[in-house]
2 protein chains.
Amino acid sequence: MVKITDVAAHAGVSPSTVSYALSGKRPISAETRQRIERSIRELGYTPHAGARSLASSRAQVLALVLPLRKGIHVPVVMQFATSVVTAARAHDHDVLLLTQSEGEEGLLRVARSAMADAFVLMDVELEDRRLPLLRSLDRPSVLIGFPADPTGLTCIDLDFHRAGEACVEHLAELGHRRVALVGSPPEVYARDTGFARRVADGFREAADRAGLPSSVWPCADTSVAARALAERLVREQPDLTGIVVHNEPIVQPLIEALVAQGLRVPQDVSVTAICPDEIAEQAPIPVTSVSIPSAEVGAGAVELLMAKLRGQAVPESTLLPVRLTARASTAPPPTARPAHG
Amino acid sequence: MVKITDVAAHAGVSPSTVSYALSGKRPISAETRQRIERSIRELGYTPHAGARSLASSRAQVLALVLPLRKGIHVPVVMQFATSVVTAARAHDHDVLLLTQSEGEEGLLRVARSAMADAFVLMDVELEDRRLPLLRSLDRPSVLIGFPADPTGLTCIDLDFHRAGEACVEHLAELGHRRVALVGSPPEVYARDTGFARRVADGFREAADRAGLPSSVWPCADTSVAARALAERLVREQPDLTGIVVHNEPIVQPLIEALVAQGLRVPQDVSVTAICPDEIAEQAPIPVTSVSIPSAEVGAGAVELLMAKLRGQAVPESTLLPVRLTARASTAPPPTARPAHG
DNA sequence: ACGGCTCGTCGAAGCGCTTCGACGGCGAAG
DNA sequence: CTTCGCCGTCGAAGCGCTTCGACGAGCCGT
């Protein structure tokens with residue numbers, strides 16, 4: 001294993017000079033630097049991470065805590081994780097993977113062992129048990145999602161409240177008179193996960209503001225559940241013409257179930273979703289949607305963390321703006337359109 | 001940050017004694033050990049990972065290289081990743097997350113920096129460009145999946161060849177006379193990923209052995225593609241009664257498409273799948289399937305790696321036995337049954 | 001009763017790196 | 001032409017841990 005003294009000898013300088021050339025913390029003449037870089041390349045040198053961490057007390061590692069529970073949409077988590085890795089690498093950091101099951105001890109262990117310099121946490125609950133620990137830790141962290149009280153923390157997420165609003169507003173503008181939210185699985189609400197509730201709040205507020213009767217229907221993420229809910233909606237709310245879906249896996253099954261009920265989309269019922277663009281686009285009827293930009297959230301989280309590691313102040317909360325893309329699944333409701341034939 | 005000298009002072013022993021008590025590499029009297037453990041608990045001591053890695057040249061970290069490409073079923077990858085983390089933690093190791101995009105340099109960097117002691121690689125291609133590097137590395141690795149030439153490597157996977165066979169054999173036993181394999185997306189075959197081809201080989205061989213005409217149909221992982229394929233199968237192979245699906249996301253869409261074509265499952269056509277149990281179970285018609293035990297594969301990979309780290313010899317290839325679970329989607333074909341009415 | 005064990009513990013060296021203070025040498029300022 | 005200061009480089013200390021050799025104390029056998 002080639003080490004810094006080997007590089008130094010090869011380049012005819014002292015180890016400290018190599019170190020400064022690498023870190024840029026002191027000026028090095030262009031000529032010397034080039035000689036060092038050449039030696040590094042020729043010898044195939046990579047600094048020993050442990051030694052570096054020991055001497056500098058910076059491991060150049062972020063810990064990513066992934067949720068692995070039911071009711072979350074896995075591809076979104078995955079996309080998020082990869083964007084975190086990519087963004088971290090762009091800042092010359094690596095990513096340590098932790099799972100929720102490690103719990104608070106896991107965070108504490110990683111922090112104390114100095115394995116990671118900072119934390120990214122997903123799937124934050126409104127009253128998350130890890131929050132006090134995070135606040136007391138000497139290492140910065142960023143939460144994906146918002147707890148009930150974000151004081152003293154740094155949080156980032158899509159503006160789900162606005163996402164709920166935006167969908168309703170879109171439907172209201174088209175002239176719809178009654179809207180329903182098909183939401184996340186019941187266990188997600190039961191867990192007090194912030195984003196599900198925020199969508200529902202935004203949805204309701206916008207509906208109230210627009211004077212539209214509205215209702216919220218949690219739904220399991222299976223096509224069976226989607227079909228059952230579709231039947232129920234048709235039966236109980238015959239005047240329903242606008243649906244907002246916030247439950248990735250059933251966007252399409254729900255539409256198919258509505259069609260199976262004899263409702264045409266968008267002629268009889270309009271559907272908008274809050275979901276990743278891929279899901280909205282690849283559906284047989286492309287769905288009007290507010291996209292969930294997981295990659296942007298991941299990259300944003302890493303940027304915030306890097307700023308904190310540099311000692312910069314960052315906002316406590318960052319809400320990514322929503323973007324609604326109108327596609328084929330929404331149109332004015334039947335009654336608002338001129339009658340044909 | 002509390003360090004080993006603090007613990008030593010608190011327990012009234014020398015730092016080396018604490019170290020030996022922790023590692024068990026030298027005998028320590030029960031009394032002393034208890035005193036040390038108590039001090040560790042009271043002071044909240046966790047060894048500094050960098051220092052430990054530097055002194056012992058063991059980082060207690062595994063690197064996990066995740067694929068992030070199209071055509072793979074994300075939930076399976078995720079489940080796999082979590083099982084690796086869990087198994088690693090059981091051996092007091094952590095997991096560093098790398099993405100395919102880092103490529104060979106990523107592996108090299110992590111190996112040279114001594115960040116990780118060993119590697120787990122997923123989504124191995126038949127002619128994977130990383131193989132020479134892996135063979136030359138001084139750090140052990142385990143591949144999930146098999147390249148064309150596994151010599152000098154350690155590989156583990158479900159026995160996909162047998163999985164393909166098992167599905168055909170099940171159908172043959174029921175009396176089916178023609179079978180088709182609905183496979184992975186074309187890009188997966190194009191990439192020469194081993195497991196897709198192995199399923200197809202097993203499928204074909206078993207069909208030939210049983211004297212059944214057979215055909216293989218790659219299929220994109222969208223319900224649109226599934227529907228199109230169902231129509232084509234009905235049109236081009238009217239005598240087809242047995243289908244094997246090896247493409248998680250479309251198991252259910254395909255069945256629905258068949259039903260939409262007027263075929264009853266399993267009365268008119270039997271369907272078996274190679275997919276995780278959850279997918280097979282939660283379908284409206286539970287699907288006879290060979291399960292993909294991602295958690296077992298992940299745990300197995302870690303066990304192999306730990307053995308290699310201990311210097312033990314391990315088999316070059318480990319094939320997990322297949323288990324076919326008969327569910328509601330398979331039955332004897334129409335012609336093989338006594339005619340009703 | 002004494003050499004030779006093993007058992008339990010200690011001290012010191014050193015892993016590879018960063019970083020601090022020091023120090024020549026050279027340009028600018030007086 | 002001298003003096004100050006800065007630039008570029010070096011040497012040494014030390015980060016927290018593991019591990020090797022050493023060593024005293026007790027035990028065995030004879």
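Order of the sequence lines fixes the chain letters, A, B, ..., with proteins taken first and strands second; residue numbering starts at 1 for each chain. Below, each value reflects all heavy atoms present in this structure, side chains not excepted, and no hydrogens, waters or symmetry copies.
Between Q34(B) atom CD and dG8(C) atom P the separation is 14 Å, expressed in whole Å. Between I4(B) atom CD1 and dG14(D) atom P there is a gap of 20 Å when expressed in whole angstrom units. To the nearest angstrom, C1' of dT9(C) lies 7 Å from CD1 of I28(B). At whole-Å resolution of the value, CE in M115(B) and P in dC15(C) are 21 Å apart. Atom CG in L54(A) sits about 13 Å away from atom C1' in dT19(C), given to the nearest Å. When the P atom of dT9(D) is taken as reference, atom CZ of R33(A) falls 9 Å away, rounded to whole Å. The distance between atom CZ of R26(A) and atom P of dT19(C), rounded to the nearest whole Å, is 10 Å. Atom CZ of R58(A) and atom C1' of dC15(D) are 15 Å apart (whole Å).
For the OP1/OP2 pair of dG8(C) and a distance below 4.0 Å, the side-chain nitrogens and oxygens of S29(B) include no atom meeting the criterion. Between S19(A) and dT18(C), a side-chain N or O to OP1/OP2 separation shorter than 4.0 Å is present. S14(B) has a side-chain polar atom (N or O) that falls below the 4.0 Å cut-off from OP1 or OP2 of dC10(C). For the OP1/OP2 pair of dC15(D) and a distance below 4.0 Å, the side-chain nitrogens and oxygens of S57(A) include no atom meeting the criterion.
Side chains of Q60(A) and H91(A): a donor-acceptor N/O pair is absent below 3.5 angstrom, by distance only. For the residue pair S19(B)/S16(B), the side-chain donor-acceptor check at 3.5 Å is not satisfied. S29(A) and T32(A) share a donor-acceptor pair across their side chains, judged by distance under 3.5 Å alone.
Distance from the side chain of A55(B) is smallest for dC15(C) among the nucleotides dC15(C), dT9(C), dC7(D). The side chain of P27(B) lies closest to dG8(C), out of dG16(C), dC10(C), dG8(C). Among dT19(D), dT9(D), dC17(D), the nucleotide with an atom closest to any side-chain atom of H48(B) is dC17(D). Considering only side-chain atoms of K25(A), the nucleotide from dG16(D), dG16(C), dT19(C) that sits closest is dT19(C). The K3(A) side chain lies nearest to dC17(C) when the options are dT9(D), dT19(C), dC17(C).
A donor N or O paired with an acceptor N or O is found under 3.5 Å between the base of dC20(C) and the side-chain atoms of Y20(A).
Using a 4.0 Å heavy-atom distance criterion, P47(B) is classed as a sugar-phosphate-only contact. Within the 4.0 angstrom heavy-atom criterion, base atoms lie near S16(B).
Ionic pairing of E125(B) and R130(B) is not present here: no N-O contact between side-chain nitrogen and carboxylate oxygen is shorter than 4.0 angstrom.
For L22(A) against P47(A), the heavy-atom pair with the smallest separation is CD2-CG, 4.3 Å.
The main-chain N or O of H48(A) is never found under 3.5 Å from a side-chain atom of R112(B) such that the two would form a donor-acceptor pair.
Both A51(B) and A30(B) sit near DNA chain C, but only A30(B) has its closest nucleotide nearer the 5' end.
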